[in-house]
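What you are looking at is a predicted structure, and each value in this text was computed from that prediction instead of being measured. Note that these values count all heavy atoms, side chains included, but never hydrogens, waters or copies made by symmetry.
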Amino acid sequence: MEPRYVVILAAGMGTRMKSDVHKVLHKICGRTMVEHVLTQVSQVQPEKIITVVGHDAQDVKKTLGDRTEYADQPEQLGTGHAVLQTAPLLADKEGVTLVVSGDTPLLTAATLNKLLQYHTEKGAKATILTAEAPDPTGYGRIVRNDLGIVERIVEQKDASHEEAAIQEINTGVYCFDNQALFAALKQVTNDNAQGEYYLTDVIAIMRKAGGIIAAYRMKNFEESMGVNDRVALAAATKVMQQRINHDFMMNGVSMIGPATTYIDVGVQIGQDTIIEPGVQIQGQTTIGRHCVVGAHSLLVDATIEDNVHITSSTIEQATMHRGSDIGPNSHLRPKADIGEDVHIGNFCEVKNATLGARTKLGHLSYVGDATLGSDINVGCGVVFVNYDGVKKWHTTVGDKAFIGSNSNIVAPVEIADHSFIAAGSTITKDIAYHAMGIARARQVNKSDFWDKLPLSKSSEWK
């Protein structure tokens with residue numbers, strides 16, 4: 001196989017996005033568009049990948065890191081000018097160069113490999129990836145002669161009425177004989193409506209020089225979608241979402257409402273897990289087998305082991321171990337570690353805390369900066385008071401302790417195994433093994449209460 005090289009075009013401003021964020025850095029299903037492109041082109045086994053950057057170059061470089069080399073295009077003078085900036089890195093190479101745009105996040109490695117294979121089989125100097133567009137507006141048109149041979153590509157603004165009616169469009173993806181590419185780029189002029197140096201002009205230059213120009217028509221137009229505004233961004237997100245959900249369902253995950261299930265690229269879900277409607281699963285979340293993720297739950301960078309049941313809750317950078325359950329309407333914040341068979345009920349919040357096996361946190365409670373052992377019962381309305389206004393403090397609760405409802409645990413305290421906290425207590429001191437902590441005012445009943453009221457009021461109230 002002859003050497004392969006890739007050029008990713010990511011220098012343009014993308015003004016139609018109307019955003020402070022560079023166009024190619026807008027995200028689709030958890031990854032920026034240019035990261036999607038880079039991931040796919042990496043799979044065609046190139047010897048070198050070069051990303052052309054210009055506007056917001058540092059942001060693009062920060063996002064992609066050392067996965068690619070870079071060429072700078074300080075002035076955005078067109079796609080031909082952009083590719084020419086890679087000459088110091090590529091011009092002397094022999095082989096095939098694949099040119100793609102950083103705003104085409106739906107391209108797949110499978111299609112790119114077919115394009116490269118077709119290019120080699122045809123012995124072409126250039127091969128264009130084309131598609132049949134239902135509405136070709138905005139795309140360059142593929143102009144063929146009577147024999148079906150590609151003659152040139154005409155941009156929308158330069159197209160005649162007849163050319164504008166052509167439905168076969170240029171996807172902006174090309175294969176070139178590398179040395180022929182750079183020889184042709186030197187001949188490109190900016191004599192067009194935009195005053196730019198078009199990469200597409202090298203097609204006519206190569207053809208005039210006697211080179212074979214080929215065109216590989218892809219089957220799925222959606223894959224060629226370029227994203228230039230927020231409407232296209234939403235459309236591309238929908239396509240990517242459908243792909244992700246389809247793959248999960250084909251691999252044994254059940255989705256009750258796939259049209260309203262939003263899962264990022266990179267998420268892992270085990271077989272026989274059920275995802276209900278309205279669920280969002282983001283970041284590097286991992287979900288095991290035989291789980292249920294209930295409607296309208298949000299999981300971000302979460303680790304969920306097998307047989308976990310989540311009911312309408314939010315889990316962020318937290319872990320739920322085998323057999324645990326949560327919800328509805330509870331929240332696991334970062335560094336919450338929920339042990340096996342733990343029950344967390346409704347309207348509870350856990351942050352930077354560990355709950356041991358079989359512990360129960362039924363409802364309306366907050367556990368923060370704490371280590372709870374196993375088989376603990378935490379009553380309704382319990383608050384772990386972890387912050388004194390300056391510093392966070394830690395609480396430890398031993399195995400099989402009982403914490404009565406409406407108690408406040410004021411850290412730092414140590415609550416030993418088998419200890420008991422009476423309901424309504426505010427605990428500020430350690431509690432020993434088998435001891436009971438009671439910290440509340442003694443109840444006093446006034447039997448003569450009514451008799452001491454003023455006569456008019458006591459008669460009225462009675």
Side-chain angles (χ1 to χ4, degrees), residues 8-42 51-64 67-68 76 79 82 99-109 111-112 129 131-140 155-157 169-173 218 220-248 257-267 277-285 298-301:
I8 302 174
L9 303 180
M13 293 181 66
T15 54
R16 281 181 284 173
M17 292 296 287
K18 294 181 170 59
S19 175
D20 294 330
V21 178
H22 190 289
K23 177 173 70 170
V24 302
L25 298 183
H26 282 265
K27 290 187 175 182
I28 291 178
C29 296
R31 288 185 187 171
T32 64
M33 291 194 286
V34 72
E35 285 179 289
H36 283 293
V37 173
L38 180 57
T39 296
Q40 297 303 314
V41 301
S42 298
T51 302
V52 181
V53 294
H55 185 66
D56 291 333
Q58 291 305 313
D59 292 339
V60 177
K61 290 179 180 180
K62 183 178 178 181
T63 298
L64 301 183
R67 296 172 62 192
T68 172
Q76 281 76 66
T79 51
V99 179
V100 300
S101 175
D103 63 1
T104 51
L106 300 177
L107 284 171
T108 64
T111 294
L112 297 176
L129 182 63
E132 196 77 16
D135 178 8
T137 304
Y139 291 93
E155 297 300 325
Q156 171 79 33
K157 294 181 179 180
I169 57 96
N170 172 27
T171 66
V173 179
M218 64 195 309
N220 186 354
F221 170 71
E222 286 183 336
E223 192 175 326
S224 71
M225 188 185 302
V227 176
N228 291 307
D229 55 35
R230 307 295 181 123
V231 174
L233 183 69
T237 299
K238 183 177 180 180
V239 174
M240 185 71 75
Q241 172 200 326
Q242 290 171 341
R243 282 185 191 174
I244 293 169
N245 293 355
H246 176 271
D247 288 347
F248 276 121
T260 61
T261 299
Y262 304 90
I263 304 176
D264 278 356
V265 174
V267 168
V279 169
Q280 297 183 57
I281 306 175
Q282 301 176 359
Q284 299 302 307
T285 296
L298 170 63
L299 281 63
V300 183
D301 296 326

What verdict does the side-chain contact (heavy atoms from CB on, under 4.5 Å) test give for L107 and L129, after you've listed the backbone C-alpha separation in whole Å, the side-chain angles of each residue and the deciding distance to 0.1 Å? CA-CA 11 Å; L107 284 171; L129 182 63; 4.0 Å; yes

Check for a donor-acceptor pair, side chain of R230 on one end and backbone N or O of R16 on the other, with a separation under 3.5 Å. no

Do E132 and M218 pass the side-chain contact (heavy atoms from CB on, under 4.5 Å) test, and can you show the C-alpha distance, the side-chain angles, and the key distance before you say yes or no? CA-CA 8 Å; E132 196 77 16; M218 64 195 309; over 6 Å; no

State, without any angle test, whether E223 and T111 hold a side-chain donor-acceptor pair at a distance under 3.5 Å. yes

Can you check whether D59's main-chain N or O pairs, donor with acceptor, with H22's side chain at less than 3.5 Å? no

May I ask you to check whether T63 and T32 show a side-chain donor-acceptor distance below 3.5 Å? no

Main-chain N/O of A109 paired with Q40 side-chain donor or acceptor, under 3.5 Å: yes

Going through the checks in order, is the side-chain contact (heavy atoms from CB on, under 4.5 Å) test met by I263 and C29? CA-CA 7 Å; I263 304 176; C29 296; over 6 Å; no

Counting only N and O atoms by type, is there a donor-acceptor contact under 3.5 Å from the side chain of N245 to the main-chain atoms of P258? yes

Minimal heavy-atom distance between P136 and I169, with the atoms involved, is CB-CG2, 3.5 Å

Mark yes or no for whether R243, through its side chain, and K238, through its backbone, hold a donor-acceptor pair below 3.5 Å. no

Under 3.5 Å, side chain of T285 to main-chain N/O of D301, donor-acceptor pair present? yes

Donor-acceptor side-chain pairing of T104 and S101 below 3.5 angstrom: no

Is a donor from one side chain sitting under 3.5 angstrom from an acceptor on the other, for T39 and R67? yes

Say whether, by atom type as modelled, one donor and one acceptor occur between the side chain of Q241 and the main chain of A259 under 3.5 angstrom. yes

Any donor and acceptor pair, going by atom type alone, linking the side chain of T261 with main-chain N or O of V279 inside 3.5 Å? no

Taking Q282 for its side chain and V300 for its backbone only, find out whether a donor-acceptor pair lies under 3.5 Å. no

Under 3.5 Å donor-acceptor, N170 side chain and G140 backbone: no

Please indicate whether K27 has more than 12 foreign heavy atoms, meaning atoms of other residues, nucleotides or ligands, lying under 6.0 Å from its NZ. no

